[in-house]
Amino acid sequence: SKTRNNIVSGIDSIFSGFSSIDDDFYEEIEEILVMGDLGINATTAIIEDLKKKVKENRIKEPKECKALLIKSIKEQMDIGEAAYEFENRQSVVLVIGVNGVGKTTSVGKLAGKLKDQGKKVVLAAADTFRAAAGEQLTEWANRAGVDIIGGQEGADPAAVVYDAVAAAKSRKADVLLCDTAGRLHNKKNLMQELGKIDRVLEREYPEAYRETLVVLDGTTGQNALAQARQFQEVTDITGIILTKLDGTAKGGIAVAIQAELGIPVKYIGVGETIDDLQKFNADDFVNALFDVKQEDE
Amino acid sequence: MAFESLSEKLQNVFKNLRSKGRLTEDDVKAALKEVKMALLEADVSFKVVKEFIKAVQDRAVGQDVMSSLTPGQMVIKIVNEEMVRLMGSETTEIKLKPSNEITVIMMAGLQGAGKTTTIAKIAGKLKSKGRKPLLAACDIYRPAAIQQLQINGQKQGVEVFAMGTSHKPVNIVKAAVEHAGKNGFNVVIIDTAGRLHIDEDMMNELIEIKENVNVDQTILVVDAMTGQDAVNVAGMFNDKVGIDGVVLTKLDGDTRGGAALSIRAVTGKPILYIGMGEKLSDLEQFYPDRMASRILGMGDILTLIEKA
Ligand SMILES: Nc1nc2c(ncn2[C@@H]2O[C@H](COP(=O)(O)OP(=O)(O)OP(=O)(O)O)[C@@H](O)[C@H]2O)c(=O)[nH]1
Ligand SMILES: Nc1nc2c(ncn2[C@@H]2O[C@H](COP(=O)(O)OP(=O)(O)OP(=O)(O)O)[C@@H](O)[C@H]2O)c(=O)[nH]1
Ligand SMILES: [Mg+2]
Ligand SMILES: [Mg+2]
């Protein structure tokens, strides 16, 4: 199976290029973090924290400093197996996010993954807005070999979810996965529509374990923070699916989101086939974050 | 929002220097630090920011602060001018051949950027100008990509040329252009699959189309929310395939859209249109000066300077 193509050990070259911990050294780290899309705030906080630790522990070697830095970001991003509890329960997963980030594809991949574990999966095609969204999810349902409940273009998505819950109950599904239409977080009416879907799940399927995953495009910059924040206001987000990490983007905004909102990344998307969804691995992620030099030169 | 205060911050930096005659290096440095932060928060590429700041610095140091402007306003004025210069100072349209010839337009970009939607939007625009566009369905990979284009084409009353998913895109394009010639279409717009700039096979597919068909305009579609990677993406599409212009999508969101500046800086190619929504009428002209204000987070830039 595929891994992120940019997981190489470029970290050492960055830290061994310096013989002492000075302003230039910190500036270099700052540059790496900003270029990884962490944003100025998270980057500044990380550097400040690093400086403090370096002082406290009387660290003199850039190499030790590196270990510290990597360790602290890894610890921050680390999640336990408990994060995947929904896979073992009767559950409903609501998948949300802005336009084109990879929601439908991720639902398809997740369905394939769960099906492979022997789970009975039902998909709800609650994007009744975008052209051929239903057809797209139907193709994924076929690939994964799972059931799908859909609605006509223009139908009320909350009604589709209502029907899907009924189907999931009567077919004794283990997991119900709900695909939703892409919506920008600054569109009030579309966010209200999402709130309605959320309430239908709350009311009609209280016995199911709730998981709400916001899909973020790993190529997205600082706006992803606003996305996570706004979606969080409408529904309780339990995790992030960070997609398109098979490109050269680092997806560093996830670090800022974890720091500010406490939402963990649970899965990453690394391609367009059904197998290209992986559980999040903090080590690989942080390593890739610091591997900037190779592409640069 | 943090940015609304950039102009305030700049005013603060200069608070104590209100009536200085010339801008010193230290004054300018302090002010440009704030500008740098604002640009990075707007997702302008780190390298582009560095170059930009240097250019502004070189221009600003030693400038006479005009009697009508405070030092803060003076810096804003120079920042704004440099920004607009970088963004291109005029609006541009897609170049079309005379209507008795066929113009071939190829749309390309990363996955989910908004290509298929933008094609339908552009087709509608061209149709209303009296052109006769044909849409060529060359995304043979994404599930239901062809149906998506067909549904959108139908909404716009524009014909879609499709050959299913078992032909090579280059052959579909050839057949589409032939079909266009025989049936009186004078624009062919090619919908290609989303692809990563580092995916060699997929990039070669675009190159192959250009080698075999006379593509007049290759347009890169970019999500306005793109972060630091925008330079890599735009740079590689331009170097490998060659692009003639850019469409920025999803600007109806609240992103500052710094990618626009990065893409301009790295490709030098004009931004033609901006996507302002999911409806097929949501395509607008691109105005470099408005984009500059948006990136800086100062909708009031011009009034700020003009008021002085
Ligand atoms: N390279 C790559 N492409 C991906 C990944 N995930 C999704 N895609 C592609 O991104 C594009 C958009 O994916 P969709 O699943 O349709 O995204 P969406 O969020 O459902 O889009 P809307 O419903 O239109 O808002 C498609 O071309 C997918 O194949 C990924 O991890 N890597
Ligand atoms: N809000 C908003 N959404 C847009 C805009 N342009 C496109 N979209 C949405 O973005 C999503 C992706 O658009 P597509 O046209 O399918 O993108 P694509 O580049 O063809 O995607 P692939 O073919 O999978 O690579 C869809 O949900 C569109 O409705 C825009 O300007 N604003
Ligand atoms: Mg979708
Ligand atoms: Mg498409």
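In what follows, chains are A, B, ... by sequence order, proteins preceding strands, each numbered from 1. Note that these values count all heavy atoms, side chains included, but never hydrogens, waters or copies made by symmetry. Here the structure is a predicted model, which means the values were calculated and not measured.
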Part of A:Val98 lying under 4.5 Å from any heavy atom of chain B: side chain
Between B:His197, B:Met236, B:Gln111, B:Gln147, the one whose heavy-atom pairs under 4.5 Å with chain A are most numerous: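 Highest number of pairs under 4.5 Å: B:Gln111.
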Leading residue by heavy atom contact count with chain A [cutoff under 4.5 Å; candidates B:Thr226, B:Ile151, B:Asp43]: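 Going by pairs under 4.5 Å, I would pick B:Asp43.
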Ring-face cation contact, A:Tyr26 with A:Lys51, 6.0 Å cut, 45° max: yes
Side chain from CB out, backbone as N, CA, C, O: work out which of these in [X] comes under 4.5 Å of a heavy atom of chain A, or both, or neither.
X: B:Glu278; result: side chain
X: B:Asp199; result: neither
X: B:Leu149; result: neither

Distance, nearest 0.5 Å, that separates CD of A:Gln136 from OG1 of A:Thr104: 4.5 Å
Sole residue of B:Ile219, B:Ile271, B:Leu272 in side chain to side chain contact (heavy atoms under 4.5 Å, CB included) with B:Val246: B:Ile271
B:Glu200 CD: over 12 foreign heavy atoms closer than 6.0 Å: no
Whether over 12 other heavy atoms sit under 6.0 Å from B:Lys279 NZ: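 It does not: B:Lys279 NZ has 12 such atoms or fewer within range.
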Residue among A:Asn41, A:Asp217, A:Asn223, A:Ile253 with most heavy-atom pairs under 4.5 Å to chain B: A:Asn223
Leading residue by heavy atom contact count with chain B [cutoff under 4.5 Å; candidates A:Thr220, A:Leu184, A:Asp37]: A:Asp37
Working for side chain to side chain contact (heavy atoms under 4.5 Å, CB included), residues B:Glu205 and B:Lys168: CA-CA 9 Å; B:Glu205 188 189 275; B:Lys168 278 175 71 174; over 6 Å; no
